[in-house]
Student: 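The structure is given below, and queries will be raised subsequently.
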Amino acid sequence: MIDIKRIRENPQKFTDGAKAKKFDVDIDRLLAVDAALLDCRKRLQDIATEKNSVGKSIPKLSADEKQAALGRLGELKNAEAQLNEQIKNLQPVFDEIMQQVPQPPAADVPSGEDDTENVELRKWGTIRKFDFEPKDHVELGISLGIIDIERGVKLAGTRNYFLKGAGALLHWAVLRFALDYMIGKGYTPMSVPLLMKDEAMRGTGYYPGAEEQTYRMDRDDLNLAGTAEVPVTAYHCGEILSAEQLPIKSVAMSTCFRREAGAAGKDTRGLYRIHQFDKVEQVIIAENDEEKSKAHHQEILANSEAVMQALGLPYRVVNVCTGDLGRGQVQKYDIEAWMPSRNSYGETHSASRFYDFQARRMNLRYKTAAKKNVFCHTLNNTVIASPRILIPILELNQNADGSVNVPAALAPYMHGREVITER
RNA sequence: GGAGAGGUGACCGAGUGGCUUAAGGUAACGGUUUGCUAAACCGUCGUAGGAGUACAACUUCUACCGGGGGUUCGAAUCCCCCCCUCUCCGCCA
């Protein structure tokens, strides 16, 4: 959510920002409704002032004077009811548009229509050339007996899977490795609830907008979070933190649930696009300071790059263009890992900063040294998401005989297995 | 799921229709006193939105006692609905 005062001061900035991000929002109408609401409130306040003073004088009045006073109060009450009626009609319109106003992108976000226009910032690692015909992760997984998509589909429908034996071990190994890395960096580990109230979905900016992407428990009015970002970022919602507490750096591992509505027929093979996966996510709640926000953004990006490098996975970092940014994001960097079976880089990480967009929605504030209550800044990034990350790990580390070498960094988590072979 | 008890400021806690402009206390901050610390005393000490001003300070108004609605000239207080917490019972990995 944006501060209405900033929209009043510079509406053009928000009209342009929405256009660049390809969101449809009627700023002119918002300002008209805002002006009408302000007027109603001012008049209502004047009425309340008079009502209060007349009401207070009542016990001291003579009978005649009392009748006159009561008559006046009746008039005021009518006027008040009319104004309240107007506010009742205007407020929902105002709220709805406000929820939709996107955060304008940062100055160094490239303009573009969609993900094809994201700008590559850097590449790391060398892409392996095979001297044999490499298999893709599905073939490897089936022949090694570590991925079973057929039975996943049998029991849970399309885009579901089982991981078995060394496959399950490898899945948990990358997660545990990533988690340990972040704990080593001083991030506080959290285990979190995943059935979230609508309020938490709205607070993080997923609602309105991502309802179609979300599994919803209608009987209980709860939503299965698509990422631990939701519970971790909303953890302190409604609270006033002290400045000394900030920044709060957290890391959570959780299962993530996504309906992938509208993606029918897209990325149907293998473990790339699935309904349920596990992810280690980093979140920073920080002071309301643009420079500090940028520095945190670089930090969480660097954390994930370090994990990718430790796993020996070639990747590139892209500066996500305006048309591919979410409503609340000021700027987003994606990390894309090289995936031989796709013969391209595929998104594995997404690092976003929001300024106070999420904090405003969830009323998350802190008290500054000057005793002012100010909205926090929030940021988040993937540390590792599996099994998508197993795609490059399996495909890039395969041998001609169909076995797969386990990256050295994962050795401590693999119960002594250095090579995954057919059993 | 059933029964009961509760929800007041950062915290504790008083408050059964106008004297509440939310008492009193704790914590915090500033000051006085003091060899230091402590204590004592004095003062400050909620959030949000208007108006006065170009901003701030300041002044003033309005709203807010879990949330929503109602009764009343007037509600923390009375009525209705909802939410949450605690205790007991039942069920349960």
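Residue numbers begin at 1 in each chain, while the letters A, B, ... track the order of the sequences.
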Student: Expressed in whole Å, how much space separates the C1' atoms belonging to B:A27 and B:G90?
Tutor: 43 Å
Student: Taking the same atom, P, in B:U77 and in B:C64, what whole-Å distance lies between them?
Tutor: 10 Å
Student: With A:His377 as reference, evaluate A:Tyr355, A:Phe354, A:Tyr366 under the ring pair (Phe, Tyr, Trp, His ring centres under 6.0 Å) test and give the passing residue.
Tutor: A:Tyr355
Student: Please determine whether the number of non-hydrogen atoms from other residues, nucleotides or ligands lying under 6.0 Å from atom CZ of A:Arg8 exceeds 12.
Tutor: yes
Student: Rounding to an integer number of Å, can you tell me how far A:Gln45 CD sits from B:U60 P?
Tutor: 15 Å
Student: Any idea which heavy atoms bring A:Val109 and A:Cys321 closest together, and the distance?
Tutor: CG1-C, 3.9 Å
Student: Name all residues meeting the side chain to side chain contact (heavy atoms under 4.5 Å, CB included) criterion together with A:Gln100; count only those two or more places apart in sequence or in a different chain, and write none if there are none.
Tutor: A:Val25, A:Glu96, A:Arg327
Student: So, does A:Arg365 get its side chain near the phosphate of B:A48, meaning an N or O under 4.0 Å from OP1 or OP2?
Tutor: yes
Student: B:G69 phosphate, OP1 or OP2: any side-chain N/O from A:Lys88 under 4.0 angstrom?
Tutor: no
Student: Within the structure shown, what part of the strands sits under 4.0 Å from A:Lys197 by heavy-atom distance: base, sugar-phosphate, or nothing?
Tutor: nothing
Student: Measure CG/A:Leu44 against C1'/B:U62 and give the value in whole Å, please.
Tutor: 9 Å
Student: Take atom CZ in A:Phe257; do more than 12 heavy atoms of anything else shown fall under 6.0 Å from it?
Tutor: yes
Student: Mind checking the C1' distance from B:G9 to B:G68? Whole angstroms is fine.
Tutor: 22 Å
Student: Tell me which nucleotide among B:U62, B:U47, B:A51 gets nearest to the side chain of A:Lys42.
Tutor: B:A51
Student: Please measure how far the P atom in B:G4 lies from the corresponding atom in B:C12, and state the result in whole Å.
Tutor: 26 Å
Student: I'd like the C1' distance from B:C78 over to B:U21, given in whole Å.
Tutor: 23 Å
Student: List the steps, then state whether salt bridge (charged side-chain N to carboxylate O under 4.0 Å, His left out) holds for A:Arg216 with A:Asp198.
Tutor: CA-CA 10 Å; A:Arg216 186 177 161 77; A:Asp198 293 346; 2.8 Å; yes
Student: If you assign each of A:Ala48 and A:Arg41 to its closest nucleotide in RNA chain B, which residue comes earlier from the 5' end?
Tutor: A:Arg41
Student: How many Å lie between CD on A:Glu75 and P on B:C73, as a whole number?
Tutor: 15 Å
Student: Give the rounded distance in Å between these two atoms: CG of A:Leu73 and C1' of B:G18.
Tutor: 14 Å
Student: Does NZ or CZ of A:Arg388 lie under 6.0 Å from the centre of the six-membered ring of A:Tyr272, at an angle within 45° of the ring axis?
Tutor: yes
Student: I'd like the C1' distance from B:U37 over to B:C19, given in whole Å.
Tutor: 44 Å
Student: What integer number of Å spans the C1' atoms of B:A93 and B:C88?
Tutor: 22 Å
Student: Rounded to whole Å, how long is the line connecting atom CG of A:Asp221 with atom P of B:C82?
Tutor: 15 Å
Student: How many whole angstroms separate atom NZ of A:Lys51 from atom P of B:C61?
Tutor: 17 Å
Student: Without decimals, in angstroms, what is the distance between A:Asp46 CG and B:C61 C1'?
Tutor: 9 Å
Student: Name the stems with RNA chain B in them: runs of three or more consecutive Watson-Crick or G-U pairs, distances under 3.5 Å?
Tutor: B:1-7 with B:83-89, B:10-12 with B:24-26, B:28-32 with B:40-44, B:46-52 with B:58-64, B:66-70 with B:78-82
Student: Starting from P on B:A63, measure out to CD1 on A:Ile47 and report it in whole angstrom.
Tutor: 12 Å
Student: Sticking with atom C1', work out how far B:G15 lies from B:G25, rounded to a whole angstrom.
Tutor: 15 Å
Student: Step by step, work out the side chain to side chain donor-acceptor pair (under 3.5 Å) result for A:Gln358 and A:Glu229.
Tutor: CA-CA 11 Å; A:Gln358 292 182 317; A:Glu229 170 197 341; 3.0 Å; yes
Student: Which nucleotide wins on minimum distance to the side chain of A:Asn373, given the candidates B:G50, B:U62, B:U47?
Tutor: B:U47
Student: Got a salt bridge between A:Lys185 and A:Glu299, using NZ or NE/NH1/NH2 to carboxylate O under 4.0 Å?
Tutor: no
Student: Both A:Leu70 and A:Glu50 contact RNA chain B. Taking the nearest nucleotide for each, which residue is further toward the 5' end?
Tutor: A:Glu50
Student: Among B:A48, B:G49, B:C61, find the nucleotide with the atom closest to the side chain of A:Lys5.
Tutor: B:G49
